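By convention in this document, chain letters (A, B, ...) are assigned in the order of the sequence lines, proteins followed by strands, and residues within each chain are numbered from 1. Atom set for the values below is all heavy atoms of this structure, side chains included, hydrogens, waters and symmetry mates excluded. Worth saying up front: this structure is predicted, and the values here are computed from it rather than measured.
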Amino acid sequence: MLDSLSLFLQRTTPELIQGTRITLQLTMIALGLGVLFGLPAALVRVYGGKYARRLVIGYIELFRGTPLLVQLFLIYYGLPDLGLTLSRLFAASITLGLNSGAYQAEYFRGAIQAVGSGQMLAARAVGMSRLQAIRYIILPQALLLALPAWSNEAVSMIKYTAVVFLIAVPDLMGQAKILAGRYFNPIEVYLTVALIYILLVFVATQILGAIERKMRTPGLVLEIERH
Amino acid sequence: MMVRAIIRVEDLRKSYQELEIIKGISLTVREQEVVVIIGPSGTGKSTLLRCINLLTRPDSGRIWLKEQEITAPYTDEDKVRQRIGMVFQDFNLFNHLTALQNVTIGLNKVLRMDIREARQKGLWELERVDLADKAASYPAQLSGGQKQRVAIARALALNPDVMLFDEPTSALDPELIGEVLGVMQKLAREGMTMLVVTHEMGFAREVSDRIVFMENGVILEEGPSRQMFYAPKFPRTREFLGKISELYGENRPGEI
């Protein structure tokens, strides 16, 4: 039993490491793109003009209102029909990024609104322009307030990335599928993969928790539901 | 002797939707003068203050800050606001910054002052409101009275031509009102030009030079404080002053 386990691990370790690496890469890229899309979207939603705001709401509703898998298929299988062929990894990254951006936009928006209009007034009253007020007064507070919700999103993203195996990206889940098929041992493989996901989530939770504790500022707390 | 005007308002009007809040107000605040605006709530006192530092755009009328007409087109509003200190009813301290940073951020980011120089100036301003020992505290760690004093220091740091106070003690517990009034009285003695919306009759009587009674968007009566208290022209002024003194008592500004 122990022999077979060690043999199994010997055979599968390289692939699992490779898969884990891709899963982590995808997670980080998705979260990074998510900030890149989500933060400006939130700012436009709160401070933007009517049409810009509508456009942003359209984006947010589209990506929050449809299954991630449908988005992935539309971008990977659908866009080539429009003459835009993307590599698997690129399609996966951009889909996860756009999806995360829509959710992050809502977290950031909630946080910006929680900062309150008095802060903007006071910032303008000391002679700051609107942009300066947003940059030096509103955003620093909003980002602190958004951190717990953002951490949830980050942890969830580790798991959401698993859908990309459906367009044959060799992430952790993709590798698991291949290994299960090769060695006819789905239980061992998927259990191992589940353990790896748990480990990743655990480590990410610890790191983000440490960051939250370090950034804690008296009086700047937004109660959110943890899930 | 003609003392020069710091703020001059001429026939100011402001409506929100159909509702006219300010119906043609003219007002002058001269150098080193302390003017108190009183009047029932919903009368447009706060709106008037916000118009004066352009946080709200008036519909018509003109405002001068010293010699500059600030309601003129193409006025740099941010520059104007640097010269007008504003203190709010609910403090509006920047929650993510310490007391000292609250005072220095305007110096750093707006006036582009050197960091160390700004720090010196910030500490001095906190000293002025007797809060140098709270420099490292965050707003959430301060009492209401302390918050308001930091807010005053923040406004003072930019060396404004005039300070506007919008009911600075209305959100405070009664026992904390005195310390804020004390700071304001000290400022008045130092010669700061001040326009104060307040219900604090003790402050109005002892510190202000002039009292302006506003009702329904117009100035009903204005005059030297003594005259307004002891010999108002209109029965309505007397009635209001009596009622307000009864309601709020007379918190005397404490010494600090």
Side-chain angles (χ1 to χ4, degrees), chain A residues 35 39 42-43 46-50 107-151 208 210-224, chain B residues 46 49-50 52-56 76-99 101-113 136-142 147-148 150-160 163-166 171:
Chain A
V35 174
L39 196 53
L43 286 170
V46 179
Y47 298 111
K50 199 165 89 181
Y107 299 143
F108 289 135
R109 177 179 69 99
I112 289 169
Q113 283 169 339
V115 171
S117 57
Q119 296 285 309
M120 176 59 95
L121 268 185
R124 300 307 301 274
V126 295
M128 287 191 194
S129 67
R130 213 168 141 83
L131 270 177
Q132 282 180 316
I134 290 172
R135 171 155 173 221
Y136 298 120
I137 304 301
I138 308 294
L139 271 188
Q141 296 184 56
L143 293 180
L144 283 175
L145 292 175
L147 196 53
W150 194 90
S151 300
L208 290 163
I211 292 174
E212 276 177 50
R213 277 192 298 281
K214 193 163 157 38
M215 302 293 286
R216 193 164 290 159
T217 308
L220 270 181
V221 197
L222 197 61
E223 295 300 327
I224 62 145
Chain B
S46 296
L49 287 196
R50 285 184 185 194
I52 289 175
N53 77 346
L54 304 179
L55 282 175
T56 298
D76 185 342
E77 296 182 9
D78 300 332
K79 278 257 152 54
V80 168
R81 287 195 207 97
Q82 291 168 29
R83 297 168 52 199
I84 303 179
M86 177 92 172
V87 175
F88 299 90
Q89 179 178 344
D90 37 11
F91 329 126
N92 291 338
L93 286 187
F94 305 133
N95 297 310
H96 63 307
L97 301 177
T98 63
Q101 290 168 329
N102 262 278
V103 180
T104 56
I105 190 155
L107 301 173
N108 289 331
K109 305 301 180 193
V110 177
L111 299 188
R112 307 264 168 218
M113 193 185 274
S137 301
Y138 284 93
Q141 298 164 324
L142 300 174
K147 282 184 206 174
Q148 195 59 298
V150 172
I152 293 173
R154 173 174 70 182
L156 286 175
L158 297 168
N159 294 333
M163 290 277 286
L164 310 180
F165 293 84
D166 187 5

- Closest heavy-atom contact between Q132(A) and K109(B)? NE2-O, 3.0 Å
- Query: Atom CD in Q141(A), atom CG in L97(B): separation rounded to 0.5 Å?
  - Reply: 7.0 Å
- Compare all side-chain heavy atoms of T217(A) with those of N95(B) and state whether any distance is below 4.5 angstrom. no
- Query: At a heavy-atom separation under 4.5 Å, does R83(B) approach chain A through its side chain, its backbone, both, or neither?
  - Reply: neither
- Query: Is chain A contacted by the side chain of F88(B), its backbone, both, or neither, given a heavy-atom distance below 4.5 Å?
  - Reply: side chain
- Where do M86(B) and A125(A) come nearest, in terms of heavy atoms and distance? CB-CB, 3.9 Å
- Query: Any sub-3.5 Å donor-acceptor pair from H96(B)'s side-chain atoms to L139(A)'s backbone N or O?
  - Reply: no
- Task: Could you tell me whether the side chain of Q119(A) and the main chain of L93(B) form a donor-acceptor pair under 3.5 Å?
- Result: yes
- For the student: nearest non-hydrogen atoms of V110(B) and V126(A), plus distance: CG2-O, 3.7 Å
- Tell me, out of V80(B), I105(B), L54(B), who's got the most heavy-atom pairs with chain A below 4.5 Å. I105(B)
- Give the member of G118(A), G116(A), P140(A) that has the highest number of heavy-atom pairs under 4.5 Å with chain B. G118(A)
- Item | Heavy-atom closest contact (A122(A) atom, N92(B) atom, distance) | CB-O, 3.4 Å
